[in-house]
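All ligand and atom numbering here is 1-based and tracks the order in the structure.
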Amino acid sequence: MVSFRLTVRIRYSSSSDDQMQMANIFNKACILILGEFMREDLLLMIPGPTIVPARINRAMSAPIIPHRGKEFSEMFLEQMNRLKGVFRTKNDVYVLCGSGTAAMEAALSNTISPDDKVLCLVNGKFSERFAEIASSFGADVLVLESEWGHPVDVESVADVLSEHPDIKVVTMVFNETSTGVRNPVEDVGELVRHTNAILVVDTISALAGDVFETDLWNVDICVSGSQKCFALPPGLAFISLSDKAWEVIDSNDSYAYYLDLKRYRKDKAHAPYTPPVSLVYGLKESLDIIDEEGLENRWERHKNLANIAREGLKDMGFELFPIGEEWCSNTVTAARVPEDFDVSAFKKILSSRFGIEIAGGQADLKGKIFRVGHMGVATEREVYTTLVCIELALEEL
Ligand code: PLP
């Protein structure tokens, strides 16, 4: 096996000239191969948007058909039904036009009224976004914050829920893309199901890539988006709703208009406003690809890629950002950098020399971590290539 680990071992553990020469040849071959990528495509190893396969691009170039016609509405409805399999839910899943945040906003604007109590479990940028959205709708927001890099603390959630039996909505992010942490949704779901509150979970950067069980884990509203593990372009948001969630929505004075979910429920096959027809063609192709691979095999592939990324980065001397490997995401790996490390120069080398895009840290983590996405249709080829190029970029820094 010609692997990154082999290169690393040769490069760092061996003093033999022959082996050093082999490593150099291998590195040069990678640069040549990547020259092609640079001309044709960027190698997107950011945590979304991800590489869109040619199959999906081709499917999206089909001619537009009338969005109110039978052919489109049957196809649209069929994709929403197929999404239930990916969400692992018996409940309806709706496709909204907008990025993932549109579904986050729909989840809250439809369920909360001013002064309603909302508990936001925050341990990163995206879980913080839920708190911002809830505040913008006038909710009484309780923020239970864990240090970034740490998972949501389930015991504290239990305490807050018993202290505040009037909490109406609990929000959390399954895969906190900003920190590379995978949160214990199942444990929180087990707590929330015994209360009157509903649990809203953002799976935007993990659904269709990592194990997620909407119904088994008692998730009332699950939101996701197209441009991550579905390997679609940005522009579609997905949302599933349990009966408990609909009860809350039906008794809530909704502030929403474009994202008023009751309008979408009225006639599922016909979205209230013009749906993005081309993206729906793409969604059909993405779901075909998922079916061909098998959802569980897809979970396994992502897990394997995450292991390769973690081991590769650790071999290079980086420390993973999450506090323990059991909390590490299977779709994005976040690594801490030393104090004098210039993340933007490092990213620039990867981008300009190799055509590889990775992400830096967000908010307070800017300059302190970098993140490598390995989701969607990424394979070992892309992850090993990225690791080898990271190693080369480090030499240039
Ligand atoms: N939530 C998570 C976990 C994300 O990773 C992202 C995007 O990176 C979002 C929410 C926001 O999604 P969008 O940019 O599609 O609105």
Peer 1: Which atoms of ligand 1 have any heavy atom of Arg129 under 4.0 Å away?
Peer 2: 11 (C)
Peer 1: Identify, for atom 1 (N) of ligand 1, the protein heavy atom at the shortest distance, and state residue, atom and that distance.
Peer 2: Asp202 OD2, 2.5 Å
Peer 1: Do the ring centers of Phe212 and Phe87 come within less than 6.0 Å of each other?
Peer 2: no
Peer 1: Do me a favour and list the nearest non-hydrogen protein atom to atom 12 (O) of ligand 1 with residue, atom name and distance?
Peer 2: Thr101 OG1, 3.7 Å
Peer 1: Please write down residue, atom name and distance for the protein heavy atom closest to atom 6 (C) of ligand 1.
Peer 2: Phe126 CE2, 3.3 Å
Peer 1: Which heavy atom of the protein is the closest neighbour of atom 14 (O) of ligand 1, given with residue, atom name and distance?
Peer 2: Gln227 NE2, 4.0 Å
Peer 1: Please report which non-hydrogen protein atom sits nearest to atom 5 (O) of ligand 1, along with the residue it belongs to and the distance in Å to one decimal place.
Peer 2: Thr177 OG1, 2.5 Å
Peer 1: Counting C-beta onward and ignoring hydrogens, is there a side-chain heavy-atom pair between Pro275 and Val95 closer than 4.5 Å?
Peer 2: no
Peer 1: Under 3.5 Å, is there a donor-acceptor pair between the His374 and Thr333 side chains?
Peer 2: yes
Peer 1: Check each atom of ligand 1 against the heavy atoms of Ser205 and keep those under 4.0 Å away; list them by number with element.
Peer 2: 3 (C), 5 (O)
Peer 1: If the cut-off is 4.0 Å to any non-hydrogen atom of Met104, which atoms of ligand 1 fall inside it?
Peer 2: 10 (C)
Peer 1: Take atom CD in Glu71; do more than 12 heavy atoms of anything else shown fall under 6.0 Å from it?
Peer 2: no
Peer 1: For the salt bridge (charged side-chain N to carboxylate O under 4.0 Å, His left out) test, which of Lys303, Arg88, Arg301 pairs with Glu296?
Peer 2: Arg88
Peer 1: Between the side chains of Asp288 and Ser286, does any donor sit under 3.5 Å from an acceptor?
Peer 2: no
Peer 1: Heavy atom under 4.0 Å from ligand 1: found in Glu176's side chain, backbone, both, or neither?
Peer 2: neither
Peer 1: Test your reading of the structure: does Gly100 have an N or O sitting under 3.5 Å from an N or O of ligand 1?
Peer 2: yes
Peer 1: I'd like to check which ligand 1 atoms, numbered from 1 as shown, lie under 4.0 Å from a non-hydrogen atom of Ser99.
Peer 2: 13 (P), 15 (O), 16 (O)
Peer 1: Write out the residue and atom name of the closest protein heavy atom to atom 8 (O) of ligand 1, then the distance separating them to 0.1 Å.
Peer 2: Lys228 NZ, 2.4 Å
Peer 1: Would you say the ring centers of Phe321 and Trp148 fall short of 6.0 Å from each other?
Peer 2: no
Peer 1: Could you list the atoms of ligand 1 found under 4.0 angstrom from a heavy atom of Asn175?
Peer 2: 3 (C)
Peer 1: Do Thr177 and Ser205 get their side chains close enough for a donor-acceptor pair, meaning under 3.5 Å?
Peer 2: yes
Peer 1: Taking all non-hydrogen atoms of both residues into account, name the closest pair between Met80 and Val93 and its distance.
Peer 2: CB-O, 3.5 Å
